[in-house]
Amino acid sequence: MNKKTNRRKFIQQVGMATLGTIALSQIKPVSAFANSLDGEVLFTLDALPYEFKALEPHIDALTMEIHHDRHHRAYVDNLNKLCAKEGIQEKSIEVILSKVGSYSAGVKNNAGGHYNHSLFWKMMKANGGGLPTGAANDAINASFGTFDQFKTKFIEASKSRFGSGWAWLVAKDGKLNIGSTANQENPLMDISELKGTPVLCLDVWEHAYYLKYQNKRADYIDAWFNTINWDTVNAQLKLAK
Ligand code: MN
């Protein structure tokens, strides 16, 4: 292709991208990674286990699409690039997290971002929410008294995390604890103050809610409770044992 053709194509593409009427789903997410790296692809982005619109009205489809296809994809692509650059061949994300303090800040941010989002998507489902089921119900009542008392504490942890981060329910030594982490840190990281097996997690970065809720993080947290997939919580509890 000559220079002129390239230029024309570029203008066409830019023109397309600036058309606000094109649905995001019609624009293929750009993965710079695939073309720019000779190294092995260690980590991949799984499709969401439901449609983008599945969590409406609590979480809107456009937020889900941007959050998964752009934010999560960027963590995966960057993690793969950094692993190639830093000679990391470890294929288990959990192992990387467990010794993340010995890697670069970039690996910490992107490995955390990949793990946290992979888990977060599974923590939600269409027509979710309600009271916990099975072992989750028993464990929450045993640790916090009632579901409402658990919910109050979890909301407090979610609201009080300053800036970007995550709220967590973790299991450790047969007990449940609630806490939060900054940025993309998580309770599996060696550098984390909060430790344990993640049982439930909530993304409180603004990108998770700003399109629909703007600065009203509390409203997003309230609505998110209607999306919880207690089956995943129970699966994580099993994992913790
Ligand atoms: Mn996020």
Q: Apply side chain to side chain contact (heavy atoms under 4.5 Å, CB included) to Thr63 and Tyr209, showing your working.
A: CA-CA 7 Å; Thr63 295; Tyr209 62 87; over 6 Å; no

Q: Answer yes or no: is there a side-chain heavy-atom contact under 4.5 Å between Met64 and Asp60?
A: no

**Q.** ring-ring contact (aromatic ring centres under 6.0 Å, His included) partner of Tyr75, chosen from His67, His68, His117
**A.** His117

Q) In Å and rounded to the nearest 0.5 Å, what is the CG to CG distance from Leu79 to Asn109? A) 10.5 Å

Q.
Looking at Ser92, is its backbone amide N or carbonyl O close enough to the side chain of Glu90 to form a donor-acceptor pair, meaning the two atoms are under 3.5 Å apart?
A. yes

Q: Output yes when a side-chain donor or acceptor of Ser143 lies under 3.5 Å from a complementary backbone atom of Ile140, and no otherwise.
A: no

Q | Aromatic Tyr220 / basic Lys212 pairing, under 6.0 angstrom, 45° off normal | A | no

Q: Could you please spell out the steps behind the side chain to side chain contact (heavy atoms under 4.5 Å, CB included) verdict for Ile178 and Leu200?
A: CA-CA 9 Å; Ile178 289 169; Leu200 182 66; over 6 Å; no

Q.
Rounded at 0.5 Å granularity, tell me how far CG in Leu202 sits from CE in Met124.
A. 8.5 Å

Please report, to 0.1 Å, the donor-acceptor pairs under 3.5 Å made by any side chain of residues 41-50, with sequence neighbours excluded.
unit_1: Tyr50; atom_1: OH; unit_2: Trp121; atom_2: O; d: 2.8

(Q) Minimum heavy-atom separation for Ala136 and Trp230, please, with both atom names. (A) CB-CE3, 4.3 Å

Q. Where do Leu188 and Gly196 come nearest, in terms of heavy atoms and distance?
A. CD2-O, 3.6 Å

Q: Given side chain to side chain contact (heavy atoms under 4.5 Å, CB included), test Lys108 with Tyr103 step by step and report yes or no.
A: CA-CA 7 Å; Lys108 182 183 77 171; Tyr103 300 128; over 6 Å; no

Q | CG-CG distance between Asp190 and Leu97, expressed to the nearest 0.5 angstrom | A | 9.0 Å

Q: Report, as yes or no, whether the 6.0 Å neighbourhood of atom CD on Gln149 holds more than 12 heavy atoms from other residues, nucleotides or ligands.
A: yes

Q: Measure the CH2-CZ distance between Trp205 and Arg217 for me, rounded to the nearest 0.5 Å.
A: 11.5 Å

(Q) Could you walk me through whether Lys122 and Asn229 satisfy the side chain to side chain contact (heavy atoms under 4.5 Å, CB included) test, starting with their C-alpha distance in whole Å, then the side-chain angles of each, then the deciding distance to 0.1 Å, before giving a yes or no? (A) CA-CA 7 Å; Lys122 292 192 284 183; Asn229 183 348; over 6 Å; no

Q. Using a distance-only test with no angle check, is there a side-chain donor-acceptor pair under 3.5 angstrom linking Thr146 and Asn141?
A. no

Q. Would the number of heavy atoms belonging to other residues, nucleotides or ligands and lying under 6.0 Å from CD of Glu193 be above 12?
A. no

**Q.** For Ile96 against Ala111, the heavy-atom pair lying closest together
**A.** CG2-CB, 4.0 Å

**Q.** Smallest separation among heavy atoms of Cys201 and Trp224, with atom names
**A.** O-CZ2, 3.4 Å

Q. How many angstroms lie between NE2 in His58 and CD1 in Ile228, if you round to the nearest 0.5 Å?
A. 11.0 Å

Q. So, does Arg70 use its side chain to make a donor-acceptor pair with the main chain of Glu65 at under 3.5 Å?
A. no

Q: Verify the neighbour count for atom NZ of Lys195: are there more than 12 heavy atoms of other residues, nucleotides or ligands below 6.0 Å?
A: yes

Show every donor-acceptor pair shorter than 3.5 Å between a side-chain atom in residues 156-170 and any protein atom, with sequence neighbours excluded, or say none if there are none.
unit_1: Ser158; atom_1: OG; unit_2: Phe154; atom_2: O; d: 2.8
unit_1: Ser160; atom_1: OG; unit_2: Glu156; atom_2: O; d: 2.7
unit_1: Arg161; atom_1: NE; unit_2: Ser180; atom_2: OG; d: 3.1
unit_1: Arg161; atom_1: NE; unit_2: Thr181; atom_2: O; d: 3.3
unit_1: Arg161; atom_1: NH2; unit_2: Ser180; atom_2: OG; d: 3.2
unit_1: Trp166; atom_1: NE1; unit_2: Gln184; atom_2: OE1; d: 2.8
unit_1: Trp168; atom_1: NE1; unit_2: Thr181; atom_2: OG1; d: 2.8

Q. Are Val100 and Val95 joined in one hydrophobic group, where the rule is that I, L, V, M, F, W and Y side chains link up if heavy atoms are under 4.5 Å apart?
A. no

**Q.** Qualifying residues under side chain to side chain contact (heavy atoms under 4.5 Å, CB included), relative to Leu239, sequence neighbours excluded
**A.** Gln236

Q.
Tell me if a side-chain donor or acceptor on Ser192 pairs with a main-chain N or O of Met189 at a distance below 3.5 Å.
A. no

Q | Point-to-point distance, once rounded to the nearest 0.5 Å, from CG of Asn78 to NZ of Lys85 | A | 10.5 Å

(Q) Treating Glu56 as the side-chain partner and Ala61 as the backbone partner, does any N or O pair qualify as donor plus acceptor under 3.5 Å? (A) yes

Q) Do we see a donor-acceptor contact under 3.5 Å between the side chains of His72 and His114? A) yes

Q.
With a 3.5 Å distance limit and no angle check, can you tell me whether Asn177 reaches the backbone of Lys172 through a side-chain donor-acceptor pair?
A. no

